[in-house]
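Protein chains get the first letters and strands the later ones, always in sequence-line order, with residue 1 at the start of each. Every heavy atom of this structure was used, including side-chain atoms; hydrogens, water molecules and symmetry mates were not.
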Protein chains: 2
Amino acid sequence: MRRERATIHDIAKKLNITASTVSRALKNHPRISEETKKAVLKVAEKLNYQPNHIAAALRNGKSKIIGIIVPTADRSFFSSVVRGIEEIANTAQYNVMICQSYDNYEKEVATVEALLNARVDGIIASYAKGTEDFEHFLKVKNKGIPLIMFDRSNEELEVSSVIIDDYQGAYNAVKHLINQGCKRIAHFTGIKKISIYRERFRGYREALQDHGIAYDESLVVGSNLQLDDGRESMIKLLSLPERPDAVFSASDYGAMGAMQVLKERNIRIPQDIALVGFGNEPFTWFSEPQLTTIDQRSKQMGNATAEIFLEQIGAGNKTFVPKKTVLKPELIIRKSSQRK
Amino acid sequence: MRRERATIHDIAKKLNITASTVSRALKNHPRISEETKKAVLKVAEKLNYQPNHIAAALRNGKSKIIGIIVPTADRSFFSSVVRGIEEIANTAQYNVMICQSYDNYEKEVATVEALLNARVDGIIASYAKGTEDFEHFLKVKNKGIPLIMFDRSNEELEVSSVIIDDYQGAYNAVKHLINQGCKRIAHFTGIKKISIYRERFRGYREALQDHGIAYDESLVVGSNLQLDDGRESMIKLLSLPERPDAVFSASDYGAMGAMQVLKERNIRIPQDIALVGFGNEPFTWFSEPQLTTIDQRSKQMGNATAEIFLEQIGAGNKTFVPKKTVLKPELIIRKSSQRK
DNA sequence: TTATAATATGCAATCGATTGCGCATAAAAT
DNA sequence: ATTTTATGCGCAATCGATTGCATATTATAA
């Protein structure tokens, strides 16, 4: 059953013409007669010809593949971004190659290398938590290969990036809590090193300030923002002389941890303590009460990065100036914060 | 900054040897002297040489890429399988190319075509819900390209597949409920056309039978198994003259819907009605009470498919007989079903 | 009718790495 | 000292598609 694959040479032979002509005919070159084109198409069909992308890639130096590097593919946010990228990329005949860094610097460096060797036409990445040195990404850029960062980016890299307005998201969340009548609003924050957490914190602070609420350092708890961290942070807050009446967590996981503790202690949500998370993870839908959160526009983020890639490829990479796209996050108000 | 990429010819020139020697030196060919090898390595380093996989792929007819087709990349189960595949594939220097069928037959056919053109060395797929004709997959197989199906497979295709033992999973779940003292166990089932739902149903029935509980048709409700379906099904069950004392849902989403309804009506879980889902979706961790469910071994499933691929590639595709791997699902007992 | 342009196709090199075959030179065996 | 064997490397073709530069033929213009 295993037929050899037909090449343009096979088609050429059948028609007593050369491969050049076949190649041009298939690409609808204007200097090839309609007759020949039709004949070529017909034979191609009959031989079940399928173009060899690899040969074309070698010749043109273009693989039509976009490399994607994500910390992990099995987190809702990232897989959703990937989907967004693929949607756009496919329309322009690009395929995507996905690699995971597992949030590990060494693996990330190796991955970049692998993608470069695979001669991808561009790389879209969100860097690993442990990454502090960006040499490997600079290398990509300096080779003239379009590089676009999303979610997590780095200014000094000077490449295009797509992020959400973390500041705005946080600001809106806190403003919403204030509107609900909350006065002592606590905040779960993450590693200071990562800009998204700094931004969320800034949004939190400024929202308070703009509404005449004094900033109280004891209400801010830093951690890794996982479920258990959320539990611990909540317990810590509950032991304060004066309890908070709301918690804005920089991650949904942290908020869920807090929710568990509150429920265990029969503290009512949102009446006693209102809760807002960040990320719009699928499980926020299923919690009881449903968690108010901030949507990160993951699919749009994917779409946007892919579009920038296409632009940059189109611009021939000469005149293209890196641009930073900032998506507006969406506050999704659910029961955990709705007092009215 | 944009340096031209060094090739083996550049290295050869520097050392006054030929590209053949360089190629062999880099691959540690025994007929090349240690001296030469060292020198080549040194120059390669200096020139920042990076092998061009595309050229190699063209020459060997091997791209070192595995194509993956999933209905959608942003569902926990599939992204987790992908992660599992990548883990193994990477250790053998393979990269993966991910495509989504969006559960649409036409897109799936096009995707298979695209992967074939990209000359992937193998395809790992879970077919779209709408797919009933398997010609496109047969084409892959007939071209001698390893094809491995996971989760959803089709017997007549006669290719290797990795699935979980849905029957066993369901059986264990129901047995567990019986052990907890449940006597009227209801079941949410899905589309009959899909074998996994038939199998789960079979497990349900046989577990009942083996434990001397009569099968009661009125306790089985069919639907799409989404959240809302679960709600409706639960409401329907509650209107029965005699209520069930447990529900085994063939999907976690369905179980969550049921849970919502029960909580709204102040029916205690698990004391009044125990609940078990299927799939171990992340949100089952966060529900209140946490949902007992069945883990589908997604990562292991990915690992297994990748391993079969490697075997098949290794076997040169001659002597290889397709094999079916059935993974044992794991019952994860949580609060929603624990009465004792 | 001859020069010029337009049309249709062929030639041959190229993209980089790989590999079978062959040819030296050196080392070992007879 | 001669024959074998081993060692180290080069030659040239190959993988399939692409493309700049001819070339041949036909159509149009002068």
[X] side chain N/O closer than 4.0 Å to the phosphate oxygens (OP1, OP2) of [N]?
{"X": "S33(A)", "N": "dT7(C)", "value": "no"}
{"X": "T18(B)", "N": "dG10(D)", "value": "yes"}
{"X": "T36(B)", "N": "dG8(D)", "value": "no"}
{"X": "T21(A)", "N": "dG10(C)", "value": "yes"}
{"X": "S20(B)", "N": "dG10(D)", "value": "no"}
{"X": "K27(B)", "N": "dA17(C)", "value": "no"}

- [ ] Could you tell me the separation between the CG atom of N28(A) and the P atom of dA8(C), rounded to a whole number of Å?
- [x] 13 Å
Task: Distance, rounded to the nearest Å, where R59(B) contributes CZ and dC15(D) contributes P - done: 8 Å
List, one per line, each side-chain donor-acceptor pair under 3.5 Å for residues 112-122 of chain B, sequence neighbours excluded.
{"residue": "E113(B)", "atom": "OE1", "partner": "K139(B)", "partner atom": "NZ", "Å": "3.3"}
{"residue": "E113(B)", "atom": "OE2", "partner": "K139(B)", "partner atom": "NZ", "Å": "3.3"}
{"residue": "N117(B)", "atom": "OD1", "partner": "Q50(A)", "partner atom": "NE2", "Å": "2.7"}
{"residue": "R119(B)", "atom": "NH1", "partner": "P51(A)", "partner atom": "O", "Å": "3.3"}
{"residue": "R119(B)", "atom": "NH1", "partner": "L116(B)", "partner atom": "O", "Å": "3.2"}
{"residue": "R119(B)", "atom": "NH2", "partner": "Q50(A)", "partner atom": "O", "Å": "3.3"}
{"residue": "D121(B)", "atom": "OD1", "partner": "S63(B)", "partner atom": "N", "Å": "2.9"}
{"residue": "D121(B)", "atom": "OD1", "partner": "S63(B)", "partner atom": "OG", "Å": "3.3"}
{"residue": "D121(B)", "atom": "OD2", "partner": "S63(B)", "partner atom": "N", "Å": "3.3"}
{"residue": "D121(B)", "atom": "OD2", "partner": "K64(B)", "partner atom": "N", "Å": "2.7"}

Open item on the list: Using only modelled atom types and a 3.5 angstrom limit, is any donor from either the side chain of R5(B) or the base of dG16(C) paired with an acceptor on the other?
Closed with: no
TODO: Answer with yes or no whether R31(A) presents, from its side chain, a donor or acceptor under 3.5 Å of a partner atom in the base of dG20(D).
DONE: no
TODO: Calculate, to the nearest 0.5 Å, the distance between atoms NE2 and CD1 belonging to H136(A) and I69(A) respectively.
DONE: 7.0 Å
Open item on the list: With rounding to the nearest 0.5 angstrom, report the CG to CG distance, N142(A) to L147(A).
Closed with: 10.5 Å
Report which part of the nucleic acid [X] touches: base, sugar-phosphate, or nothing (heavy-atom distance under 4.0 Å, all strands).
{"X": "I17(B)", "answer": "sugar-phosphate"}
{"X": "L26(A)", "answer": "nothing"}
{"X": "D10(B)", "answer": "nothing"}

TODO: Sequence neighbours left out, what passes side-chain hydrogen bond (donor to acceptor under 3.5 Å, both in side chains) with D133(A)? Give chain and number order.
DONE: Y105(A)
